[in-house]
Amino acid sequence: MAVDWDYFFKDGKVYSLAANGQIAKGCKGDETVCESSLIANTSAPIKPGFYVLGGTDQGLEVKGEQYRYYDEAGNQEWRPISELNYIQENLIFDGQNYWCIPPRSEAGVCTANGWMPVR
């Protein structure tokens with residue numbers, strides 16, 4: 001079965017179009033519009049390592065061209081690193097949360113601006 005992909009670009013976003021030319025829905029298993037924000041291509045690669053939210057047992061491991069989430073229940077499946085957005089060194093965004101590689105032994109939380117120490 002051949003699949004033709006049609007896309008529509010507007011206001012810094014790319015939309016997937018259905019066969020009828022309308023913006024498709026349900027790409028993520030629900031009825032939301034199939035859209036993604038366009039991001040600038042950056043030459044800075046996402047550094048391998050263990051990223052955290054801070055204050056939780058949740059983490060994100062980057063290894064090579066893949067990543068996976070982990071928590072107290074164990075590891076999830078590996079996913080392609082292309083799903084992540086590089087923000088700055090030691091800071092990435094997965095579409096919902098910011099993840100940081102924290103400075104050594106410094107308690108804090110990961111924010112859109114990087115690691116914020118808890119005082």
Side-chain angles (χ1 to χ4, degrees):
M1 173 190 291
V3 176
D4 289 328
W5 294 99
D6 289 315
Y7 299 98
F8 173 67
F9 297 88
K10 182 178 180 186
D11 298 328
K13 294 191 178 195
V14 60
Y15 298 87
S16 180
L17 297 178
N20 64 4
Q22 298 295 311
I23 294 175
K25 291 185 178 181
C27 297
K28 297 178 184 174
D30 56 17
E31 284 300 309
T32 60
V33 171
C34 299
E35 71 177 10
S36 179
S37 296
L38 296 173
I39 58 169
N41 187 13
T42 152
S43 60
I46 294 175
K47 186 162 76 172
F50 293 91
Y51 293 74
V52 298
L53 297 170
T56 73
D57 290 334
Q58 296 173 309
L60 184 151
E61 177 185 7
V62 173
K63 184 176 182 181
E65 294 299 312
Q66 58 189 359
Y67 78 99
R68 67 180 172 187
Y69 296 101
Y70 64 89
D71 60 22
E72 64 277 352
N75 296 325
Q76 293 185 14
E77 296 295 317
W78 290 103
R79 301 172 70 149
I81 199 171
S82 60
E83 295 179 353
L84 301 174
N85 295 313
Y86 174 89
I87 305 299
Q88 64 186 29
E89 186 175 4
N90 298 330
L91 175 61
I92 58 178
F93 183 64
D94 68 0
Q96 294 184 352
N97 296 302
Y98 290 94
W99 298 87
C100 295
I101 295 179
R104 182 179 241 161
S105 302
E106 184 175 70
V109 295
C110 190
T111 71
N113 297 315
W115 191 253
M116 297 296 292
V118 175
R119 303 199 193 286

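- For the atom pair CD (E106) and CE (M116), the distance works out to 10.0 Å, reported to the nearest 0.5 Å.
- Once rounded to the nearest 0.5 Å, the distance linking CD1 of I46 with CD1 of I92 reads 5.5 Å.
- One distance of note links OH of Y98 with CG of N85; it measures 9.0 Å at 0.5 Å rounding.
- Nearest heavy-atom pair, C100 versus G114, reported as atom, atom and distance to 0.1 Å: SG-C, 3.8 Å.
- Other residues, nucleotides and ligands contribute over 12 non-hydrogen atoms within 6.0 Å of the CD atom of Q88.
- Linking ILVMFWY side-chain heavy atoms closer than 4.5 Å, directly or via other members, places W99 and I101 in a single hydrophobic cluster.
- Side-chain contact annotation: D94 with Y67, donor-acceptor N/O pair under 3.5 Å absent.
- Proximity of W115 to V52: side-chain heavy atoms (C-beta onward) are separated by under 4.5 Å at one or more points.
- A continuous path of hydrophobic side-chain contacts links L53 to V62 [ILVMFWY only; heavy atoms under 4.5 Å].
- Put simply, L91 and L60 are part of two different groups of oily side chains (I, L, V, M, F, W, Y) that touch within less than 4.5 Å, one to the next.
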Legend entry - Residues W78, E65; criterion side-chain contact (heavy atoms from CB on, under 4.5 Å); working and verdict: CA-CA 10 Å; W78 290 103; E65 294 299 312; over 6 Å; no
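- Counting heavy atoms from C-beta outward, Y51 and L84 have side chains that stay 4.5 Å or more apart.
- Y86 OH to K47 NZ: the interatomic distance, rounded to the nearest 0.5 Å, is 9.0 Å.
- Within a 6.0 Å radius of CD in E77, other residues, nucleotides and ligands contribute 12 heavy atoms or fewer.
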